[in-house]
Amino acid sequence: AAAAATMVQFGTSVPSVAFEEVYREVLAVWFGNHWGHSNASEHLQPLIDALDTNGIRKLVELVTSNERASGELGQSKPNRRAQALLESLQARLTIEEHKREVQRVIENL
């Protein structure tokens, strides 16, 4: 949790070159594992809140394409957290096709 809080203190602007590396770790912490998740995800909320439409779409793609981000999604607890996160992100999108992209990922979890 301390590392997550410290990371957010550096700000929520993540350079595009580091986006995948940063957000795959954010997702791994956020989703947790079979036993649950740490409270570090609470500290990472500003990084999720700072995402614009393009960032949301990149993050959704990470859920399907990055093994570190999706490695525990076969377990029920991480899967539920992933679905909840994706649903909250989907609600922030305005373009219907973008919403459908997220819905397809949710359905395939």
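Since we're looking at a predicted model, the values are computed, not measured.
- In summary, the side chains of Asn79 and Gln75 do not present any donor paired with an acceptor at a separation below 3.5 Å, with no hydrogens or angles considered.
- Looking at Leu85 and Val63, their side chains never come closer than 4.5 Å, going by heavy atoms from C-beta outward.
- Looking at Val29 and Leu44, their side chains come closer than 4.5 Å, going by heavy atoms from C-beta outward.
- Side-chain contact between Thr94 and Lys99 is absent, with no heavy-atom pair separated by less than 4.5 Å.
- A salt bridge links Arg104 with Glu97: the closest approach of a Lys/Arg side-chain nitrogen to an acidic carboxylate oxygen falls below 4.0 angstrom.
- Every residue meeting the side chain to side chain contact (heavy atoms under 4.5 Å, CB included) condition with Thr53, not counting sequence neighbours, appears here in chain and number order: Arg57, Leu93, His98.
- Closest non-hydrogen pair, Leu89 versus Ile48, comes out as CD2-CG2, 4.0 Å.
- Between the CG atom of Leu27 and the CD atom of Glu20 there is a distance of 10.5 Å, given to the nearest 0.5 Å.
- The two atoms that bring Ala69 and Leu62 nearest to each other are CB-O, 3.8 Å, heavy atoms only.
- In this structure Gln103 satisfies the side chain to side chain contact (heavy atoms under 4.5 Å, CB included) test together with Gln90, Ile106, Glu107, sequence neighbours excluded.
- The cationic atom of Lys58 (NZ for Lys, CZ for Arg) does not lie both less than 6.0 Å from the six-membered ring centre of Tyr23 and within 45° of the ring axis.
- Rounding to the nearest 0.5 Å gives a distance of 12.0 Å between OG of Ser88 and CD of Gln83.
- Here the closest heavy-atom approach between residue Pro78 and residue Gly32 is recorded as CG-O, 3.8 Å.
- Of the inter-residue distances, the one linking Glu61 atom CD with Glu101 atom CD reads 9.0 Å to the nearest 0.5 angstrom.
- By the side chain to side chain contact (heavy atoms under 4.5 Å, CB included) test, Arg68 pairs with Arg24, Glu25, Ala28, Asn66, sequence neighbours left out.
- In this structure the side chain of Val26 never reaches within 4.5 angstrom of the side chain of Leu59, judged on heavy atoms.
- Taking CD of Glu72 as the reference point, atom CZ of Phe31 lies at 11.5 Å (rounded to 0.5 Å).
- The closest side-chain heavy-atom distance from Trp30 to Leu47 is not below 4.5 Å.
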